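All of these numbers come straight from a predicted model, not from anything done at the bench. Below, each value reflects all heavy atoms present in this structure, side chains not excepted, and no hydrogens, waters or symmetry copies. Index from 1, following the sequence.
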Amino acid sequence: MKTYTYVAKDTSGKTIKGTYECDNEQEVLDKIHEQGLFCISYAEALGGSKKTAHKFKTAELAYCCRQLAAMMSSGLTIVKALDILYKEEENKGAKAVWRDVYESVQKGDSFTEALEAKRGCFPDFFVSMVDAGEISGSLDITMKRLQEYYANSNKLNNKVKGAMIYPCVLGVLVLVMVIAMFTFIMPIFADMMPEDQLNGLQKALFGFSDFFKAKWYLLLIGVIVIAGVWIYALKIESVRLKYDYFKIKMPAVGPLMVKIYEGRFSRTLSSLYSSGIPMVECLERSSKVLGNSYVDKMFLQVVDEVKQGSPVSTSLSKTEIFEGMFCSIIYVGEESGALDDILEKTADFYEEEAEAAVGRLVGLMEPLMIIIMGVAIGTILAAIFPMLYGGIAQMENS
């Protein structure tokens, strides 16, 4: 047996390191998967070369699903479709993954089994949908649904990134402006008035300016330490739980976050349920895509109640996470026996609501940055103007 070291992540995003004694690399991946972990990298101990699995991004998955759906709808087998897909792939990491998947399927494994062997590369949602498509014999339709799902997700992600550009530029501008004022502007006025005539605000600003010029590196170290402590604290389960709870309950921002969650949850649940996956598994996997540990914890209760026969709408309403209208729509779908159609229409509606929520959420940041900039400039001017007026008065008197 050989000794392998690995780095993996659990469903909450926590990094886990360990070692295994296995005969081959595939056995290492199987053991990591059995623990419910996602493999990031693994290496053979004592000089073994490290291999990092390529993790597919949303845009890549949307492209691959579109290609596979088009080829399979044209009558090509999954083996031939995977052969063409991996040969056309330009990214070396993705090409290696698709080549391994192709070779596994060509040897007789199912598409799902081949994907399971690459568990760290593909999300659970993707693997579950493919599994359901193979069982139902509608893999081409499933690929179309996956393509739509990942295309919509990528569209929302791009909208978030695009909307964040202006607040980020504004934030950088505020930071640069404050640094420039304390480094270059404040020292110019330092000798305009005797120190015993300075008020408290002026003494504080000039003192900070001197400290910043002389020991700026201490501030930099402080920022790095605070950031490190914050990142470490979020890895602690109890702290992460409180932080995620605060995100959905805080004023103004909380309701907007819930809108975004409702859009992602409804689309994921719609895609899974329409593929024939049992509702319990749909709920388990749908909550994972939200990336909120508090929601995951509450969904444990939802899953238990649904297993015992409770309606989904009733169990969801008890969590007090989603809006009453969202739960009512699901209730209507359950009562009418058309839950799959209701979920699809609900997903379309709440995705539009999610996009609007992103716009409003970013819109809240822009005035906040402007307020911070105004306060910073106003504070400095409040200290400088009395000195200017005093200097002008002295010149007139003389």
Side-chain angles (χ1 to χ4, degrees), residues 11-13 36 38 55-62 64-66 69 112 115 119 122-133 135-136 138 141-160 244 248 257-303 306 312-313 315-316 319 321-323 325-327 329-330 333-334 338-355 357-358:
T11 54
S12 64
F38 301 95
K55 189 173 182 180
F56 284 84
K57 299 178 181 178
T58 303
E60 292 177 309
L61 289 171
C64 293
C65 290
R66 183 173 66 250
T112 304
L115 294 176
R119 172 64 67 168
F122 302 96
D124 276 355
F125 172 76
F126 180 83
V127 178
S128 298
M129 288 287 288
V130 170
D131 186 27
I135 293 174
S136 63
S138 58
I141 298 175
T142 299
M143 281 297 158
K144 290 181 181 178
R145 289 173 177 164
L146 281 170
Q147 184 270 323
E148 293 175 357
Y149 173 82
Y150 284 115
N152 290 332
S153 297
N154 187 53
K155 179 182 176 183
L156 183 60
N157 292 339
N158 289 337
K159 180 162 287 190
V160 173
D244 286 341
I248 62 176
M257 293 295 299
V258 171
K259 286 285 186 184
I260 296 172
Y261 288 163
E262 286 170 340
R264 291 178 179 174
F265 175 78
S266 55
R267 175 59 66 187
T268 306
L269 185 63
S270 172
S271 300
L272 291 170
Y273 189 72
S274 60
S275 299
I277 297 176
M279 178 55 74
V280 171
E281 185 176 350
C282 290
L283 291 171
E284 290 175 339
R285 297 195 180 279
S286 297
S287 66
K288 300 298 182 185
V289 303
L290 303 182
N292 188 299
S293 60
Y294 176 76
V295 175
D296 287 343
K297 182 180 178 181
M298 297 303 296
F299 261 79
L300 295 176
Q301 174 186 337
V302 172
V303 170
V306 172
V312 176
S313 56
S315 302
L316 287 176
T319 63
I321 297 173
F322 300 118
E323 296 175 331
M325 187 179 77
F326 180 79
C327 299
I329 293 174
I330 294 181
E334 289 178 309
L339 185 57
D340 50 348
D341 293 334
I342 292 291
L343 283 173
E344 186 174 355
K345 294 177 181 177
T346 303
D348 293 336
F349 171 76
Y350 276 101
E351 279 181 350
E352 293 180 2
E353 290 290 304
E355 291 183 7
V358 169

Taking every non-hydrogen atom, the tightest pair across [X] and [Y]:
{"X": "Thr319", "Y": "Val302", "result": "CG2-CG2, 3.4 Å"}
{"X": "Ala62", "Y": "Ala151", "result": "CB-N, 3.8 Å"}
{"X": "Tyr150", "Y": "Cys65", "result": "CD1-SG, 4.3 Å"}
{"X": "Ile248", "Y": "Tyr294", "result": "CD1-CD2, 3.6 Å"}
{"X": "Thr112", "Y": "Asp131", "result": "OG1-CA, 3.2 Å"}
{"X": "Met129", "Y": "Thr142", "result": "O-CG2, 3.1 Å"}

Legend entry - Residues, nucleotides or ligands: over 12 heavy atoms within 6.0 Å of Glu344 CD: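 No - once you tally the heavy atoms of other residues, nucleotides and ligands closer than 6.0 Å, there are 12 at most.
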
Inset, instruction - Keeping the roles fixed (side chain from Glu60, backbone from Lys57), state whether a donor-acceptor pair exists under 3.5 Å. - result: yes

Legend entry - Any donor-acceptor pair under 3.5 Å from Asn158 side chain to Asn154 backbone: yes

Any side-chain heavy-atom pair from [X] and [Y] closer than 4.5 angstrom?
{"X": "Met143", "Y": "Val130", "value": "yes"}
{"X": "Val312", "Y": "Glu334", "value": "yes"}
{"X": "Phe265", "Y": "Leu283", "value": "yes"}

[X] [atom1] to [Y] [atom2] distance, which is reported to the nearest 0.5 Å:
{"X": "Leu269", "Y": "Leu339", "atom1": "CG", "atom2": "CG", "result": "7.0 Å"}
{"X": "Ser266", "Y": "Ile342", "atom1": "OG", "atom2": "CD1", "result": "12.5 Å"}
{"X": "Asp244", "Y": "Met257", "atom1": "CG", "atom2": "CE", "result": "8.5 Å"}
{"X": "Met325", "Y": "Ile330", "atom1": "CE", "atom2": "CD1", "result": "11.0 Å"}
{"X": "Arg267", "Y": "Arg145", "atom1": "CZ", "atom2": "CZ", "result": "11.0 Å"}
{"X": "Asp296", "Y": "Glu284", "atom1": "CG", "atom2": "CD", "result": "11.0 Å"}

Inset, instruction - Would you sort out whether Tyr261 and Phe326 count as a ring-ring contact (aromatic ring centres under 6.0 Å, His included), showing the intermediate values? - result: CA-CA 11 Å; Tyr261 288 163; Phe326 180 79; over 10 Å; no

Legend entry - Candidates Phe126, Phe125, Phe122 - the one meeting ring-ring contact (aromatic ring centres under 6.0 Å, His included) with Phe56: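 Per the ring-ring contact (aromatic ring centres under 6.0 Å, His included) rule, the option paired with Phe56 is Phe122, out of Phe126, Phe125, Phe122.
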
Legend entry - Steps toward side chain to side chain contact (heavy atoms under 4.5 Å, CB included) verdict (Leu61, Gln147): CA-CA 7 Å; Leu61 289 171; Gln147 184 270 323; over 6 Å; no

